[in-house]
Amino acid sequence: MGVTAVVVLAAGAGTRMRSTLPKVMHPLAGRPLLWHALTAARGLAPEHLVAVVGHGRETVGAWLETNLPDVATAVQDEQLGTGHAVSCALDVLGPLTGTVVVTYGDVPLLRTETLAALVSAHQAAGNAVTVLTAHVTDPTGYGRIVRDAPDGGVSAIVEHKDADAAQRAITEINSGVYAFDAAVLADALTRITAANAQGERYLTDVVGIARGDGRPVGGLVAEDAAETEGVNDRVQLSDMARTLNDRLVRSAQLAGATVLDPRTTWLHADVVVAADATIARNTSLEAGTTVAAGATVGPDTTLVDCRVGVGATVVRTHAQGAVIGDGAAVGPFTFLRPGTVLAAGAKVGAYVEVKKSTIGPGAKVPHLSYVGDATLGAGVNFGAGAITANYDGVGKYDTVIGDGAFVGTNTTLVAPVTVEPGGFTAAGSTITDDVAAGDLAVARGRQSAVPGWVARRLPGSTMAAAAERAADTTSHHPATPSAGPAAIPELPGPLTTEPGKASPA
Ligand code: UD1
Ligand code: CA
């Protein structure tokens, strides 16, 4: 049988987080706590899914509207208690029949399977209310489950602050998750009062009211109490992040991924790692990253919103918004920024940064480069230290390198500029004009020699001594000038050799 509505309570203040961010917006595995709660609830395929918002409702409401527009919101202006919060939701939904599930926005580990087990138990028993309970070692602060002898039904939930010594000794607690008969819930909520230690309208009082009316109330003990835990502070938040990550890594492993070190591998909730992909240690895959079969990612890699193709390797890399093609090789020590597309078999190596650029099939950017706003064709070789000068302080300009072109080591490509297919730039060139297909472009100062300069300017230096030794073994190249200094050509322009030393005239 189906579920009519799931109500997710998320109006509380969450003061122990000590945060300006509403508690339910704190992220876990890359998604707000509330996303986890709503995703588990959505798994029940209810007709209505409602979040009750209050504290920080502008932030929470805006996030819901953008990210989960199918979720209805009910506003609880003042937090008058969990019973009042559910009334706010029912006011939005109107009269209902069937099963209504209530759960919390700050309980992120609860799985759809557990909610479904609660609903099945509830419907199979024909209960008016079924409470998801848990056995815990320290029940302090929780509502206690009071069961009847001998049939074991639940007769009441007593809040910690209202409980007597005998009730406080009970270690079965209320998780705060329930399945209700819609009509019983709506009726009982009109009858609850705030006559209790906290002056709140307790949802838990619905149990006592239903029992008083002679209706059956059951309790289902959660198999894993940890699943029902809420987040109250940041210590619990990181503990739960660990637990959820263990779950995500384990499910990737069971789906066929090799995870070399689960303790240092962090996966966001929406990451997909294919069978026969390998994740090495200290690797964080975030924000919808996908890793295809046979790819290896890590060690020491963070990928945010990236696609990694079949058989690609990504080592010691930080990348965001990048598409890494099949068989491409990235790293080590590589930074890929949004808009990077590496075609199949492309290589981007050590100390290379790429931004908003396409690197063509089989093209190589192996060492020490910056490639920004560029398109590199198939098989391009982008030499060590070559860069695009894409920014003049005001605008960004494009660089286009045609198929099979060769960009020599330490070329500076001053954009906008094009190197046509098969063009060649000489090492050390500053390219400001387009290079035609098949041309060599040389744009650098020519080398000139000043024979004997070392011996004359730096007599007694290590260099002079070495040059002298070399001259002894290769007599044709004298290290000591045979003529006077006046006869020797000097370097054009001033050249300072060391601080404090004059340059040659
Ligand atoms: C509640 C239960 C308690 C249970 C515990 C489990 C009641 C009266 N008590 O206690 O039996 O053991 O949860 O964690 O229900 N909320 C609103 N509006 C409100 C009050 C609360 O939206 O006016 C939301 C909170 O944001 C939170 C949830 O309801 O997500 C629980 O509220 P909280 O105040 O933490 O209830 P507890 O006192 O812990
Ligand atoms: Ca609580």
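Every number for a ligand or one of its atoms is a count from 1 in the order of the listing. Note that the structure is a prediction, hence the values are computed from the model and not measured.
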*Stepwise, does the salt bridge (Lys or Arg N to Asp or Glu O under 4.0 Å) test hold for R191 with D213?*
CA-CA 12 Å; R191 294 156 62 190; D213 292 348; 2.9 Å; yes
_I'd like to know whether D70 forms a salt bridge (Lys or Arg N to Asp or Glu O under 4.0 Å) with R42, so could you lay out the CA-CA distance, the side-chain angles of the two residues, the decisive distance to 0.1 Å, and finally the verdict._
CA-CA 10 Å; D70 63 316; R42 186 186 281 107; 2.8 Å; yes
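- Using modelled atom types, one side-chain atom of S175 and one backbone atom of V177 make a donor-acceptor pair closer than 3.5 Å.
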Please list, one pair per line, the donor and acceptor atoms closer than 3.5 Å that link side chains of residues 272-283 to other protein atoms, with sequence neighbours excluded.
{"unit_1": "N282", "atom_1": "ND2", "unit_2": "D300", "atom_2": "OD1", "d": "3.0"}
{"unit_1": "T283", "atom_1": "OG1", "unit_2": "A280", "atom_2": "O", "d": "2.8"}
{"unit_1": "T283", "atom_1": "OG1", "unit_2": "R281", "atom_2": "O", "d": "3.2"}

Side-chain donor-acceptor distances from residues 371-378 under 3.5 Å, at least two apart:
{"unit_1": "D373", "atom_1": "OD1", "unit_2": "K355", "atom_2": "NZ", "d": "3.2"}
{"unit_1": "D373", "atom_1": "OD2", "unit_2": "K355", "atom_2": "NZ", "d": "3.0"}
{"unit_1": "D373", "atom_1": "OD2", "unit_2": "N390", "atom_2": "ND2", "d": "2.7"}

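- Residue S175 approaches ligand 1 through these ligand atoms, each under 4.0 Å from one of its heavy atoms: 6 (C).
- Between the CD atom of E159 and the CD atom of Q198 there is a distance of 6.5 Å, given to the nearest 0.5 Å.
- Near Q79, with a cut-off below 4.0 Å to any heavy atom, the atoms of ligand 1 are 18 (N), 19 (C), 23 (O).
- Of the N or O atoms in G143, one or more lie within a sub-3.5 Å distance of an N or O in ligand 1.
- Distances between N or O atoms of G12 and those of ligand 1 include at least one value under 3.5 Å.
- Applying the 4.0 Å criterion to heavy atoms of D106 picks out, from ligand 1, the atoms 27 (C), 30 (O).
- Each of the following atoms of ligand 1 lies closer than 4.0 Å to a heavy atom of L9: 22 (O), 24 (C), 29 (O), 30 (O).
- Considering backbone and side-chain N/O atoms, T204 never comes within less than 3.5 Å of an N/O atom of ligand 1.
- A distance-only check finds no donor-acceptor pair linking the side chain of T39 to the backbone of H36 [under 3.5 Å].
- Within ligand 1, counting atoms from 1 as listed, the ones closer than 4.0 Å to a heavy atom of A85 are 17 (C), 18 (N), 22 (O).
- Near E159, with a cut-off below 4.0 Å to any heavy atom, the atoms of ligand 1 are 2 (C), 3 (C), 7 (C), 8 (C), 9 (N), 10 (O), 11 (O).
- Within 6.0 Å of CZ in R250 there are 12 or fewer heavy atoms belonging to other residues, nucleotides or ligands.
- Where the criterion is an N or O separation shorter than 3.5 Å, residue side chain and backbone included, Y104 meets it with respect to ligand 1.
- Residue L203 has no nitrogen or oxygen atom sitting less than 3.5 Å from a nitrogen or oxygen atom of ligand 1, judged on distance alone.
- Polar contact with ligand 1: present for N174 (N/O pair, distance under 3.5 Å).
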